[in-house]
> 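Got a structure for you, written out below as structure tokens; questions coming shortly.
Lettering of chains follows the sequences in order, A, B, ..., and the numbering in each one begins at 1. No hydrogens, no waters, no symmetry mates; every other heavy atom, side chains included, goes into these values.
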Protein chains: 2
Amino acid sequence: MPPSKTKGAATKPRKKGDVDTDEAIYNAIRQAMLMGKLPAGLNLQEPTLARALGVSRERVRKALHRLAHERWLDMIPNRGTFVPTPTIEELHNIYEARKILEVGIARKLATRRAFIDTERLNQHVASEKKAIKTDDRGRLFRLSAEFHFLLAELSGNDQLIDMLRGLLTRSSLHFSLFAPKRLHNCAGPHEHEDIADAILEGDTTRAAKLMLDHLVGLETMLSVRDRVDNFTSLEDVFRCTAVGRGRTSLATGKKQGGRSDGKKS
Amino acid sequence: MPPSKTKGAATKPRKKGDVDTDEAIYNAIRQAMLMGKLPAGLNLQEPTLARALGVSRERVRKALHRLAHERWLDMIPNRGTFVPTPTIEELHNIYEARKILEVGIARKLATRRAFIDTERLNQHVASEKKAIKTDDRGRLFRLSAEFHFLLAELSGNDQLIDMLRGLLTRSSLHFSLFAPKRLHNCAGPHEHEDIADAILEGDTTRAAKLMLDHLVGLETMLSVRDRVDNFTSLEDVFRCTAVGRGRTSLATGKKQGGRSDGKKS
DNA sequence: CCAGCCCAATATGTGCACATTCATTCGGTG
DNA sequence: CACCGAATGAATGTGCACATATTGGGCTGG
């Protein structure tokens with residue numbers, strides 16, 4: 001028999017329930033993209049990623065396929081998996097879809113305001129106001145993104161939630177790519193509060209208009225692009241987000257650091 | 001060496017480009033669901049499906065994972081993959097999302113009617129009218145479904161196209177499950193034509209209203225449910241849709257025919 | 001007779017090794 | 001000197017075999 005036996009030897013901290021490992025790999029790559037760590041056009045090679053993350057190639061392969069299916073990556077058969085290049089046109093498409101979807105959600109919530117979780121909405125708005133007052137940029141950034149998702153959740157419609165989630169994550173990618181530095185306070189300070197008020201008052205028309213204006217403002221802000229890529233190597237990117245065993249890598253100095261095969265546009 | 005060599009022996013009609021095989025498996029299962037062949041709650045076991053389709057288990061596995069990710073199937077880790085049970089609530093959620101999305105698309109098209117492919121829209125409407133006149137039910141059914149997708153395509157927005165595609169396929173599942181027999185002529189005869197006319201005339205308000213009424217009519221029609229399942233076995237379902245080699249199966253009389261492991265609700 | 005436990009059979013999950021395909025490079029020729 | 005073709009290398013795709021978890025049935029004790 002070959003030198004297999006696999007776990008009989010050692011290194012098996014958890015013996016069951018490895019489903020979270022797949023999620024960890026998936027999230028690691030996704031977070032790296034949201035952070036802007038991966039330059040556009042980079043070829044994500046399975047063996048390299050596997051070494052960087054300290055997991056087997058099949059796990060990486062599965063995560064890559066999943067990400068490609070969700071349009072996060074461009075996968076070409078027998079060629080490789082590439083980080084897509086977000087275009088201004090895609091940004092406008094995303095925001096056009098967001099306008100349709102979120103204005104519709106706002107209208108629905110305002111119409112059926114008696115059935116929504118008012119407390120949760122008020123609580124979120126209060127959190128945002130507090131974050132604005134204390135000037136907590138990081139928290140406000142996260143809360144601002146969650147506000148839009150919260151409205152979808154309040155609708156109670158799984159279809160709407162799923163669609164808007166995809167749109168918002170893609171939108172976040174554009175956010176991190178195009179306007180990473182000079183985000184003043186993520187659009188107007190109290191636009192979210194005004195939208196929430198209109199919804200709670202049942203003012204359908206005003207809620208729709210406020211939401212539309214809010215999205216137009218975001219779209220305009222993101223139309224100016226300034227991009228910086230501080231990419232070095234996949235090992236560096238996933239150094240802190242190691243998924244595999246304790247040891248981060250078995251051959252860090254494998255000469256792969258400086259040069260990375262990506263088609264710089 | 002083992003009896004491998006795989007293709008050296010024989011049975012390898014195509015030596016390259018097996019990417020279509022995955023699509024074939026994926027479509028086979030999806031079509032079986034759309035046809036209403038698979039009863040709700042059925043456990044789709046990988047080895048059984050692999051034998052029924054005449055392909056390897058890994059291919060089936062990949063297709064199953066993809067379908068599960070698209071919400072077509074419910075996959076429970078270490079348990080199996082199950083055919084979901086469509087609920088009336090899900091139907092209402094789907095149509096609520098369709099109302100928001102498709103009304104928005106109709107408004108957009110009517111607003112920017114100068115930039116859309118007018119010829120293509122007119123051609124489709126003409127095809128539908130012809131199908132109605134000749135009473136070609138099958139063709140009309142397909143054209144009716146394609147009409148809604150065509151409007152998304154005319155918008156030229158990939159985001160909208162993707163979202164609506166998911167919604168329409170799910171909607172088709174409800175269609176085949178709930179109202180398979182007595183579909184008169186797929187809602188009003190010329191509702192699609194009226195919508196197209198309103199769009200081409202640039203009458204935004206009227207296009208939106210007609211689309212909304214159309215969807216409400218569909219939703220109402222699908223709310224009455226009558227379901228029949230003529231399910232026998234996976235081998236029978238995928239007998240004609242064989243994907244693998246020429247021989248449909250290597251052990252058809254494997255006693256597995258009559259009994260099928262599915263939890264009849 | 002029923003309930004709880006143990007065991008075997010089966011299905012799923014995963015690592016591994018091989019086949020295949022694509023890109024790059026080197027050598028030859030016009 | 002430039003261009004074309006074949007060989008080589010690596011990366012992707014896939015089948016296979018093993019490890020693991022769950023389910024069902026049978027057995028034994030109360």
> Under 4.0 Å from OP1 or OP2 of C:dT14: is there any side-chain N or O of A:Ser56 that close?
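Checking C:dT14 against A:Ser56, no side-chain N or O comes under 4.0 Å of OP1 or OP2.
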> Give the rounded distance in Å between these two atoms: CG of A:Leu42 and P of D:dA11.
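So the two atoms are 13 Å apart, to the nearest Å.
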> Can you check the B:Asn43 CG to D:dG24 C1' distance for me, whole Å?
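Between C1' of D:dG24 and CG of B:Asn43: 14 Å.
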> Take atom CG of A:Asn78 and atom P of C:dT21, then tell me their distance rounded to the nearest Å.
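Rounding to the nearest Å, CG of A:Asn78 and P of C:dT21 are 7 Å apart.
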> Looking at D:dT23, C:dG15, D:dC16, which one has an atom nearest to any side-chain atom of B:Arg79?
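From the listed options, D:dT23 comes nearest.
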> Does this structure show an ion pair linking B:Arg66 with B:Asp22, if we count only N-O contacts that are shorter than 4.0 Å?
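Salt bridge absent between B:Arg66 and B:Asp22.
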> What's the CD-C1' distance between B:Glu58 and C:dA19, to the nearest Å?
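Rounded to whole Å, this separation is 15 Å.
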> Regarding B:Glu46, tell me which of base, sugar-phosphate or nothing describes its non-hydrogen contacts under 4.0 Å with the strands shown.
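Sugar-phosphate only.
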> Mind calculating the distance between CD1 (A:Ile76) and P (C:dT21) to the nearest angstrom?
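Going from A:Ile76 (CD1) to C:dT21 (P), I get 17 Å.
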> Kindly determine whether B:Glu96 and A:Gln159 satisfy side chain to side chain contact (heavy atoms under 4.5 Å, CB included), including the steps that lead there.
CA-CA 9 Å; B:Glu96 184 174 60; A:Gln159 309 296 325; over 6 Å; no
> Can a salt bridge be assigned to the pair A:Glu219 and A:Lys99 using a cut-off of 4.0 Å between side-chain N and carboxylate O?
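Salt bridge present between A:Glu219 and A:Lys99.
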> Can you figure out which of D:dA17, D:dT22, D:dT14 approaches the side chain of A:Arg57 most closely?
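Of all the options, the side chain of A:Arg57 is nearest to D:dT14.
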> Among D:dA11, D:dT22, C:dT14, which nucleotide sits nearest the side chain of A:Gln45?
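The nucleotide sitting nearest to the side chain is D:dA11.
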> Side chains of A:His148 and A:Glu102 only: does a donor on one sit below 3.5 Å from an acceptor on the other?
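Per modelled atom types, A:His148 and A:Glu102 side chains form a pair under 3.5 Å.
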> Does D:dG13 have OP1 or OP2 sitting under 4.0 Å from an N or O in the side chain of A:Arg61?
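Yes, such a contact exists.
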> Counting only side-chain nitrogens and oxygens, does A:Lys62 get under 4.0 Å of the OP1 or OP2 atom of C:dT14?
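For C:dT14, OP1/OP2 do have a side-chain N/O of A:Lys62 under 4.0 Å.
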